[in-house]
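In what follows, a single structure is set out as structure tokens and then discussed.
Numbers restart at 1 for each chain; the letters A, B, ... are given by sequence-line order, proteins then strands. Predicted model, so just to flag it, every value in this text is computed and none were measured.
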Amino acid sequence: MLVSGIKSRPVYTGLILDPHAEHHLIAVEGEGALAVLDMLSPAPRDAAEKATILYTKAGSAPVDHEGALAKLHPYRLQPLPTIQTLLIRLQGFLTTAKMGTRIYIAGTEGFIGQAMQVALNNAIDFHSVRTEHRGSLARRIQCVHCKGFTENVTMSHVPCAHCGLNLLVRDHYSRRLGAFQGVCIDAEVPGELPPAEEIFP
Amino acid sequence: MSMNLMSGSTEIPVRVADIVQVSERVKRFRFEPVAGGSMPVFSAGAHVVVSMNIGSRRARNPYSLMGSVTDLSAYEISVLKTVDSRGGSVFLHDSVKIGDQLTVSTPVNLFPVEQRGRKFILIAGGIGITPMIAMAEQLTAQKLPFELHYAYRNDQAGAYADTLKARYGHLVHLYIDSRDERIPLDALLKNQPLGTHLYVCGPGGMINWVLESGRKAGWPEENLHSERFLAPPSGKPFSVVLERSKKTVTVGEHESILEAIEASGVEPPYLCRGGACGQCLTCVVSCDGTLEHNDHYLAPEERDGNQKIMICVSRIKGSNLVLDL
Amino acid sequence: MNLVFKKETFRDDFTFKNSPEHVRRFPFPFHEDKYMYTVNIEPHTPGPVNSVFEFPIDVDEHYVSEMEDRALVLKDDPLRCQALPHMQLAEWDLVELLMVSMSEHYPEHFTLTRDGDKWHWINRPLGIDQQFTFGDTATLPYPPMEYITRQCQGDFCLIDQRDGNLWMDAGIVTTQADWSLDFDIGMNFMEWHGPVPLAHEAGVFDRALKFLMNLQLGKPVRRLNWTMSINPRLDTSPENFHKWGSDRMTVTPENIGEKVHLRVELQGLWRLPRSNAIVFSIRCYLISMNELVSVPKWARRMPRVLKNLPPELIDYKGLSRYRQMTIDWLSRFDDGAPTSPGGQPD
């Protein structure tokens, strides 16, 4: 689990099955599959029978957990080629979902953030969504200047993938944007940069 | 932060403009501002605390505001007469006449409509209908979908049932206990669209049943809302020492600690007077008996800690309580 | 006070200045010779005549120019004004609060006439005459919050209350001390205060949250906060930090008096009646060091406060590059004499 004193970063408390849910809608990326296995393997059989799993291997490629997930015999397992397509599919399911559906998200922080955005846009309170962080510690950041997103940032500062400004990765997270804040690090004296360190491997 | 910021609500002198018997045990009171003009704007789910002088005693009871914010010439509340109560509702029913003056607090809302909701299920039992009347008004004005399920004891008890049915038609569902009609809760909870919020107000047992059924149907806690005001329970008298004010007061059999303290001229902060909001939370210095926590605000570990008490509804079993007041 | 609205700028040539009367009414935030982060909330009740606390909403000589600066910011970056969809009722509450307060206390400049939901608003300084239907967004040229806050000094945030927390779900923020509404919108109270150092550990935010959750109708509260700015720039946004950050390198011992500004935020909080939301207003007052030292008490106290700041705050407020130089410059005006308690001039 991610440990930090960052007040704005969500706490990912882990996938815990809601025994009362009529349906489990599970969005999972990469190593997040292992969290789903940990949750559903020991659960009563009917848990998997009520589960829809949307899976993309993304960050954990080339390892593919599809086979392991299939062995849970979920009601529905949909492997998807990318995070993007998974999010579209998730939106599709949420459009017609009923109260009693419990949402679960597992994977890297950037993925959790993006899937959570879809849930929020469907009038779901984030407290109701159960999440678990697995995989890389890399951060998804938003450039506060041009508003572009830079994915999988592992360094203390990084050039913005869109406008090119050197961004300090601040310890400030927006759930609405699903990203940390990136702010120009050399605004006072352009070009005056500390060495970049890998701090989110 | 100074305490005077937190002290009791601003009070508005009002005149009783109308009293209507709406069912066997329920009367509606209309309060106009003595000073003329309008009452403050309020939101659905808000309550006011009505202050009345009953003999030498000052009673303050919370009541939900009914009606709509489009009519601010007066506030309206409905009062169920409960004969075993400490006198507030009996006083309002039997002693208060049109033209009398009372004071009401500015509105406080501990039961607001979740503005992000996509659909609303309102469930009321008995007098619990009153906040739902304001909610139905507000949701209609905001063009948000809702349905109202209202259960009451018998044909004589259904305050506002006919009015609501006439105003909202098929959105209102009535259930009469004496005809063995029950709210079909399980069916109701099953097919609601995502983003539905449920609001329940009524007797304690009904609230528990509805919330528990909601959880068992897989509804997240965030979508289940309830409001219950407790009347302060009666009990054996005991004395309370206010350490900072250097006063000792006796809490009578049918009196709350808060009321006894107010009668001595000390004004602790309060908002709901029903064990819900946490505003009157007070530190216990010592107690020669056991605390009887009657609120639904303190967490279990705070109750067990015996260091804090909600003086609006809780009491002690013992003879002496020392408070940090 | 007879208001004469000044024509001045908060960017490019920076012609902003305070008149001598406005220097005297500046809300100097330091009550003693040192600064500690505290909750320091007090009732927002009327203060002395001509003070910034005289009325709930203060309109001053910078009104027209500040509104022009806001319009320029919004023209470049519409994301500075945003509201999540569920905040519309609160937006109308804000329209009422501001129009009623401004017209009541500045009747020579603003007039509000109400007939049921048919409202008529006249803003003479900005030349606006608007008839509209209260509650009907289509009768205003902008959404309700944006409409009225384009005509009122200060930033405004609308805060929803639910699940035992406060949520910043709408706002207009163009005169901010380096925080981004676009990034923070949707956050709860603890989250949006996340980057503030020291205060979390001191329990300041826990106490403040508990207090604000019980904020009552008709009982607004206020507090002062402060930072420093180079140049009288209202829009010190993170969005434009790459454009204004280098201002900090332009400070020299010769130009401190005109370049370095104390920036004070008068923060007000009101419970809103229809929505049960809270409005959080953040009004920025600027004063140059030259203007500040014209009040001897402030001239003595300011360097003493700056000397004793915790390093975390120096860093958080972005003072590192010019603090020592400013202390050195200000110390010439500090004869070591004791200062009287409170922030007001002697």
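In the model, B:Asn109 has a side-chain atom that pairs as donor or acceptor with a side-chain atom of B:Ser43 under 3.5 Å. Checking A:His24 against A:Tyr104 by side-chain atom types alone, a donor-acceptor pair falls below 3.5 Å. Residues B:Arg228 and B:Asn208 bring a donor and an acceptor atom of their side chains to less than 3.5 Å of each other. Side-chain contact annotation: A:Ser8 with A:His172, donor-acceptor N/O pair under 3.5 Å present.
Taking B:Gly117, B:Gly195, B:Pro193 one by one and counting their heavy-atom pairs under 4.5 Å with chain A, the maximum is reached by B:Pro193. Interface check for chain A: of the options B:Lys216, B:Lys190, B:His197, the most heavy-atom pairs under 4.5 Å are formed by B:Lys216.
Interface remark: B:Arg116 contributes backbone and side-chain atoms alike to the contact with chain A (heavy atom separation under 4.5 Å). In this structure, chain B has heavy atoms under 4.5 Å from both the backbone and the side chain of A:Asn122.
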